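A short write-up of the structure that comes next.
Since the structure is predicted, the reported quantities are computational estimates derived from the model, not experimental observations. Letters A, B, ... mirror the listed sequences (proteins, then strands); counts begin at 1.
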Amino acid sequence: MQNITDVGHLTDDADEGEDKIGEAAKREKVHPMALAESYTRSYFEDMDKLNCVRPDISPRASGHIIEQIELVKTLLEKDYAYEVNGSVYFDVSKFRDYGRLSGRNIEEMMAGARVEVSPDKKNPVDFALWKKAEPNHIMQWPSPWGNGYPGWHLECSVMSMKYLGTTLDIHGGGLENQFPHHECEIAQSEAANGVPFVRYWLHNNMVTVDGQKMGKSLNNFITLKQAFKGEHERLNQSYDPLAVRQLILNSHYRSPLDFSDAALFAAQSGYNKITETVKAMRKEIEQVKNCELDAEVAGQLEQLKTKFETAMNDDMNTSVALSVMFDLVRLSNKLLQDGNATAQTLSAVDDLFSKLGGDVLGIIKEENLAVNVADVLHVDDVVNVVITERNEARKNKNFTKADELRAKLDEIGIVLEDTPEKTTWRMK
RNA sequence: GGCGGCGUAGCCAAGAGGCCUAAGGCGACGGUUUGCAAAACCGUUAUUCCCCGGUUCGAAUCCGGGCGCCGCCUCCA
């Protein structure tokens, strides 16, 4: 399950805009829900390309306002929360374990606090469960405390409770959300339910670009779409989505992940090597005769499988698991080079590739193994090779050859058109 | 300022007290192969893990102190 946070806390401050651009922006402004929807779709597109399995449930925060209000009521009843001026805050002083996940304690935080504290809060570390909406706040709902919107952390508690129960086995998320977001989730959920909220937290480390944090203000932001297309000044080329996936798998989830052109290039090279090997394997299997499975190879495969599983069972050590893919690559290519492996032996290798590299790591994808020349080649570049060759012939008055090239292209539906400056082409 | 994460070869990155005279990938170089290439295969590429102390028979791994990078502590989730 994965949440869609569509309760934007957007403030409509466009009322001041009197110039034409402001007017136009106002006129064409889309509804916040439409904005959330377009980001959601874009996100799923990227995740599909990365070959991520879609969640069974993608609940939306805006669809669970009632449940969120109910949780606020419960916390008020249990005296873990208090209402001030139409807002409801969680009283952190009543929840002993606050800060345990991130190793902080409330006293230290208050001492080190350099934040301006809302006058409504009893305690600077208290956090909002429900916030009163100003009139210009776009998304707001009626509640027992007046019009408002749910607090920053509430949706996660409420939706996980509804669909997964009061205790989760695993909760994922970025390390940057450990405090305060996950800490607040724990406080809300455990205060309400009286049972542990999460058994295991999986916090992945930061993503950096060329060693610096990825941030809009630093202008080093690379979106997945840009990486897939290579349309970014920091990137020298486009990268296969699964090569990006491989780069992510190359490091452990708890280590910082550096996103650089060099790292992407390395991942792409390695990814190509794996894919090409599997392709060659498939091709060979069809041409080779059926006979017994080589016992020695079978034994090696069993060892590699064990190595892979041991690594994955060790807190998802994908880096070591990925190295098993390269062990398989070497084994495969040796078998191909020797040329006397049976179809059974090669199939056994191919099978392990599909299971470990396909089902588990997700970097081997059936549809990417089909050789589709039209998709791979850029037709324009190919035709231009012929055009250059033909123009060389024309320059040398070798019109027989030039006409021959033009006729051959014509046969496959490509028409050349000569102008004094250059030659262009189009489909017939 | 407080809390947390990280610092391993040219680059990416595992390893978390003895199997480490440190996986794997990329790159580079040499070889096999090839008409020449490409691909593939074989080999080489960190006596040392940011620095300085300490604990230990033994430390990249533990402890103390530095230095550097990053995140959170404010809006947003």
Side-chain angles (χ1 to χ4, degrees), chain A residues 2-11 36 39 61 99-118 124-125 127-128 131 149-157 173-185 203-215 218 243 246-274 276-277 279-281 304 307-308 311 314-339 363:
Chain A
Q2 182 175 42
N3 301 349
I4 306 287
T5 302
D6 58 354
V7 180
H9 297 175
L10 303 165
T11 302
Y39 278 117
R100 195 159 78 171
L101 176 70
S102 54
R104 296 170 199 234
N105 73 63
I106 300 171
E107 291 74 35
E108 274 175 2
M109 278 163 47
M110 280 165 39
R114 51 178 192 185
V115 248
E116 227 174 286
V117 181
S118 160
V125 288
F127 57 90
K131 272 194 133 177
Y149 53 96
W152 323 323
H153 318 290
L154 206 56
E155 60 176 75
C156 298
S157 296
L175 192 57
E176 74 276 12
N177 283 337
Q178 191 182 50
F179 186 88
H181 184 50
H182 295 152
E183 208 71 72
C184 295
E185 280 184 53
H203 286 114
N204 54 278
N205 215 311
M206 320 299 170
V207 177
T208 56
V209 177
D210 293 325
Q212 275 195 306
K213 74 162 174 174
M214 206 186 253
L218 288 162
Q246 186 164 312
L247 173 63
I248 294 167
L249 293 173
N250 184 233
S251 68
H252 189 92
Y253 76 89
R254 279 190 281 102
S255 301
L257 173 67
D258 192 51
F259 225 74
S260 64
D261 189 71
L264 280 164
F265 182 86
Q268 180 74 59
S269 297
Y271 169 74
N272 291 151
K273 193 171 180 174
I274 294 172
E276 289 309 313
T277 301
K279 277 188 196 170
M281 205 72 182
L304 289 177
K307 183 179 170 190
F308 184 96
D314 180 15
D315 194 19
M316 293 210 283
N317 193 332
T318 53
S319 185
V320 169
L322 186 60
S323 79
V324 174
M325 288 298 105
F326 289 101
D327 291 336
L328 270 176
V329 164
R330 213 167 304 114
L331 175 63
S332 303
N333 282 316
K334 275 184 195 167
L335 289 174
L336 292 175
Q337 214 158 49
D338 290 351
I363 50 172

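Figure legend. G68(B) is base-paired to C6(B); pairs are counted as Watson-Crick or G-U wobble with both atom distances under 3.5 Å. With both pairing distances under 3.5 Å, A60(B) is matched to nothing as a Watson-Crick or G-U wobble pair. Base-pair partner of C29(B): G43(B) (Watson-Crick or G-U wobble, both distances under 3.5 Å). Shown here, C75(B) forms no base pair; nothing in the strands shown gives a Watson-Crick or G-U wobble contact with both key distances under 3.5 Å. In this structure, A16(B) forms no base pair with any nucleotide, since neither Watson-Crick nor G-U wobble geometry is met with both distances under 3.5 Å.
Residues I363(A) and I274(A) approach most closely at CD1-CD1, 4.1 Å, considering heavy atoms. Summarising the geometry of K273(A) relative to F326(A), their closest heavy-atom pair is CD-CE2, 4.5 Å, with the distance given to 0.1 Å.
Taking atom P in both U61(B) and A9(B), the straight-line distance is 14 Å, to the nearest Å. Comparing A39(B) with G58(B), their C1' atoms are spaced 46 Å from each other, to the whole Å. A distance of about 28 Å separates the C1' atoms of C6(B) and U21(B), rounded to the whole Å.
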I'd like a table of atom pairs between the protein and nucleotides 60-62 of chain B - only N or O on both sides, under 3.5 Å - with the distance next to each one.
none

Identify all pairs in which a protein N or O lies below 3.5 Å from an N or O of nucleotides 4-9 of chain B, and state each distance.
residue, atom, partner, partner atom, Å
G5(B), O2', N205(A), ND2, 2.6

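Side-chain contact between V320(A) and S323(A): present, with at least one pair of heavy atoms (C-beta onward) separated by less than 4.5 Å.
Of the listed residues (N205(A), N204(A), D315(A)), just one forms a side-chain hydrogen bond (donor to acceptor under 3.5 Å, both in side chains) with R254(A), and that residue is D315(A).
The separation between L336(A) atom CG and A40(B) atom P is 12 Å, rounded to whole Å.
Under the rule for a side-chain contact (heavy atoms from CB on, under 4.5 Å), the partners of C184(A) that lie at least two apart in sequence or sit in another chain are Y98(A), F127(A), H153(A), P180(A). Every residue two or more places apart in sequence or in another chain was checked for a salt bridge (charged side-chain N to carboxylate O under 4.0 Å, His left out) with E176(A), and none qualifies. Scored by the ring-ring contact (aromatic ring centres under 6.0 Å, His included) test, F265(A) finds no partners at all (sequence neighbours excluded).
Side-chain atoms of N333(A) come within 3.5 Å of backbone N or O of V329(A) as a donor-acceptor pair. T318(A) places no side-chain N or O within 3.5 Å of a backbone atom of H252(A) that could act as its donor or acceptor partner. No side-chain donor-acceptor contact under 3.5 Å links E185(A) to the backbone of C156(A).
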Sequence-aligned protein contact record of nucleotides 17-38 of chain B, with B where the base is within under 4.0 Å of a protein heavy atom and S where only the sugar-phosphate is: ------BBSSS-----------
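Phosphate contact (OP1/OP2 of A14(B), side-chain N/O of N317(A), threshold under 4.0 Å): absent.
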